[in-house]
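Here's the structure, in structure tokens; my notes come after.
The chain is numbered in sequence order, starting from 1.
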Amino acid sequence: MGAFKSAVITKKGQELLAKVVAGTTKLEFTKIKVSDTKLSGDLASMTGIGTIKQEEKVASVVRKNGSNVTVSASFSNQTLGQGYYVRNLGLYANDPQAGEILYSISVADESTATADYMPPFNGIGVSSLMVDLVTAVSNASSVKVNVDPTAGATVAQIVNLQEQIDDVKSFVGYESSDVYGVEIDFPNRRFTRIAGAENLTAGADFDKLNPWGGRKRCILADDGTVLAYRGETGYTEAGATTVEIKKTVDGAEKTYASGTKVQVMVEQPVFYVKAVPVSSKNATSGKGKQYTKGRFYISPTPKAGFTAPRAFYDNHGIVQDKIYLSAFEGCIYDTDAKKYLTEDEQVADFATDMLSSIAGVKPASGLTQNLTRANVRKLCTNRGKGWKSHNIFALTATQWLILVEYASMNAQSVIGQGVSTFTDDGSTNMAVVTGATSGLGNGSGIDPNAGVDGKCSVSYRGEENLWGNIWTWLDAINIYNDKASGVYNAFVKPYGECKDDTTADGYKALDFNIATGEGYISGFGYDEDHPDLFLCAEHNGASNLPVGDYYWNNNDGFRVAVLGGRWSFGAKCGAWYLDLYDTSSHRYRDIGGRLLYVPQTKISA
């Protein structure tokens, strides 16, 4: 079939999508129609695709990933008296108020080749057209699969059979060389490389694979444009460009003057995960299930049964190709003084100042200023559309990469301890300045400049000090504990605005109780809707196995999460170390924050 330009969701389709996001309806696709009209102008405003040459009922709807589906139909020329060029494909859906509407338009790209031709029936040979339209739907679970049994069969229905086979494979074990996995036997504290990861070694072997090797430091302007990657002209980690840089933005050239403020981020390409609870038991925490043995797979490309981690969802619930993780712990940019606060000066204006990610500065803290989780969130969103505070889902994406690359969760052991073995002075922010691992570039390890493990910075593929040095606030997760009833709930929100002290506003309770008390993690709970999350359900482990990270949760009421540990917490620190001690009003000298940038899909008003 000829090439088609990217599908355009119409305004009527966007209105229906808004209803789906609001939870008032589900998407029900009805027909695919074909026309040969040469369309031009504002496709999004159209309600039809011109003269209809053929139309067919939807034959299958296959969930492609968390936010896209493939809608299929089969066309034949058996009743066609006159041939036509296949210039436009219109996907139609049912709106509960407006009736059947044109949801999206796909237009043939005739810049290099003529559109496909559907000939009239000649009484001898039958010509067929198999149409598979991939379209964004915000949340694939919101699609109502209602296929008319009289519709023609398509290849997609064979794909559905393949999905069922893949479900079996997930338990028997994938053998594909392009799927990379680890099996964890939690009671026996054993990690085994499986599928394509078998016989691979952390580092160079994974550099060749896009989820790992495609991860790289870059500098981002506030509008989300990558101005340079590490090693390119104009790249800097000092927070402002020193040369003029020109980039194409929305189809037009844009000039970024020397002195443009930029943040050092880690570009992370999308990948796809599948968690398989091979065996489980009732959660030690009192509700739900926890893994006893699990298989954790990463695929660089979409596959049946795999989903993109929720970190890649924008505010509309649409999966993005890339996200951008903070290379460094945050310092504050003072918008009045027009300078970065490099010494943790306690003068933040949370209404206008901005959290930043640059090298050579002491991370911001709540030594005396009110650096609560909510105020860190403000400092991040002040930077503009798409900017967020680092959250549980962005953390999870990195956790998966560490797990599969190293066949271990003990990041301190396999990568570096991080800043974790100083003696606390009891009064100051003792975090070391950012940027010590810049010499590693996009690699992993400790400060290459004669760093002493335990007293120097550590980096995982560009993300410096994700554990140790200073605690950082973790967003998109709220904790509510009720000791009297024995309920210890984690509520998570994969996309949209985050809030403190609420279980509403889009937050969803996980299927299991998180653990109460404290200790080294020995088991994680399993949630059907969020199988990618790693949240502690048991803490009978040791400082090295099976996870090697600590956990604390033992206070009543609403609680918030901090990540990683600080300069004096030793073996407790790590990429899985969550402390759930604090209320949302808490601030302290050992807690800071990190940036996150998620590109946003442009949807017409």
Side-chain angles (χ1 to χ4, degrees), residues 1 4-75 84-109 115 129-152 154 156 313-319 495 600-605:
M1 189 170 178
F4 276 75
K5 299 176 182 177
S6 296
V8 174
I9 299 178
T10 66
K11 290 183 179 179
K12 289 288 185 183
Q14 292 168 22
E15 291 171 5
L16 178 56
L17 194 56
K19 296 175 186 178
V20 173
V21 172
T24 60
T25 188
K26 288 195 172 186
L27 270 177
E28 181 183 357
F29 294 113
T30 54
K31 295 174 184 174
I32 295 177
K33 301 183 182 182
V34 186
S35 85
D36 66 353
T37 305
K38 289 190 174 183
L39 299 179
S40 61
D42 183 9
L43 296 179
S45 297
M46 294 183 179
T47 57
I49 59 171
T51 303
I52 304 299
K53 292 299 183 179
Q54 284 188 288
E55 62 179 74
E56 289 292 343
K57 297 171 184 176
V58 168
S60 72
V61 180
V62 177
R63 295 181 175 93
K64 187 175 176 66
N65 55 43
S67 65
N68 293 277
V69 295
T70 300
V71 185
S72 303
S74 176
F75 294 83
Y84 66 92
Y85 287 97
V86 182
R87 290 199 167 96
N88 311 293
L89 299 172
L91 176 60
Y92 288 75
N94 185 50
D95 185 304
Q97 283 75 45
E100 188 176 71
I101 58 103
L102 175 61
Y103 180 83
S104 68
I105 303 174
S106 299
V107 177
D109 186 355
L129 175 66
M130 315 293 280
V131 175
D132 291 328
L133 294 179
V134 178
T135 187
V137 294
S138 177
N139 186 336
S141 64
S142 298
V143 176
K144 181 179 180 183
V145 181
N146 186 17
V147 175
D148 191 310
T150 65
T154 75
Y313 286 41
D314 71 5
N315 289 339
H316 306 289
I318 298 173
V319 174
Y495 55 87
Q600 299 296 303
T601 302
K602 293 183 179 179
I603 295 182
S604 303

Apply side-chain contact (heavy atoms from CB on, under 4.5 Å) to residues L27 and L16 and explain how you reach the verdict. CA-CA 8 Å; L27 270 177; L16 178 56; 3.4 Å; yes
Tell me whether [X] contacts the main-chain N or O of [Y] through its side chain, where contact means a donor paired with an acceptor under 3.5 Å.
X    : Y    : value
S72  : A59  : no
S35  : G50  : no
Q600 : N315 : yes

Intermediate values then yes/no, side-chain contact (heavy atoms from CB on, under 4.5 Å), E56 and I32: CA-CA 6 Å; E56 289 292 343; I32 295 177; 5.9 Å; no
Give, for atom [atom1] of [X] and atom [atom2] of [Y], the distance between the pair rounded to the nearest 0.5 Å.
X   : Y    : atom1 : atom2 : result
E28 : E100 : CD    : CD    : 10.0 Å
E15 : Q97  : CD    : CD    : 10.5 Å
N88 : L43  : CG    : CG    : 8.5 Å

Correct closest heavy-atom pair for V86 and A115 would be O-CB, 3.5 Å
D109, L89, V107, I105 screened by side chain to side chain contact (heavy atoms under 4.5 Å, CB included) with F4, the one that passes: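 Exactly one pass, corresponding to L89.
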Are there over 12 heavy-atom neighbours, none belonging to F75, within less than 6.0 Å of that residue's CZ?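 More than 12 within 6.0 Å, yes.
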Evaluate whether atom NZ of K33 has more than 12 neighbouring non-hydrogen atoms of other residues, nucleotides or ligands under 6.0 angstrom away.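 Counting neighbours around NZ of K33, more than 12 heavy atoms of other residues, nucleotides or ligands fall under 6.0 Å, so yes.
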Would T30 and N94 count as a side-chain hydrogen bond (donor to acceptor under 3.5 Å, both in side chains) here? Give the steps. CA-CA 7 Å; T30 54; N94 185 50; over 6 Å; no
Any side-chain heavy-atom pair of I101 and Y92 under 4.5 Å: no
Partners passing salt bridge (charged side-chain N to carboxylate O under 4.0 Å, His left out) against K31 (at least two apart in sequence or in another chain):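 K31: salt bridge (charged side-chain N to carboxylate O under 4.0 Å, His left out) contacts with E55.
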Which residues satisfy the salt bridge (charged side-chain N to carboxylate O under 4.0 Å, His left out) test with D95, sequence neighbours excluded? K19
Applying ring pair (Phe, Tyr, Trp, His ring centres under 6.0 Å), name anything that partners Y84, two or more places apart in sequence or on another chain.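 With neighbours one apart ignored, the set is empty.
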Can you list the steps and then say if I9 with Y103 is a side-chain contact (heavy atoms from CB on, under 4.5 Å)? CA-CA 6 Å; I9 299 178; Y103 180 83; 4.0 Å; yes
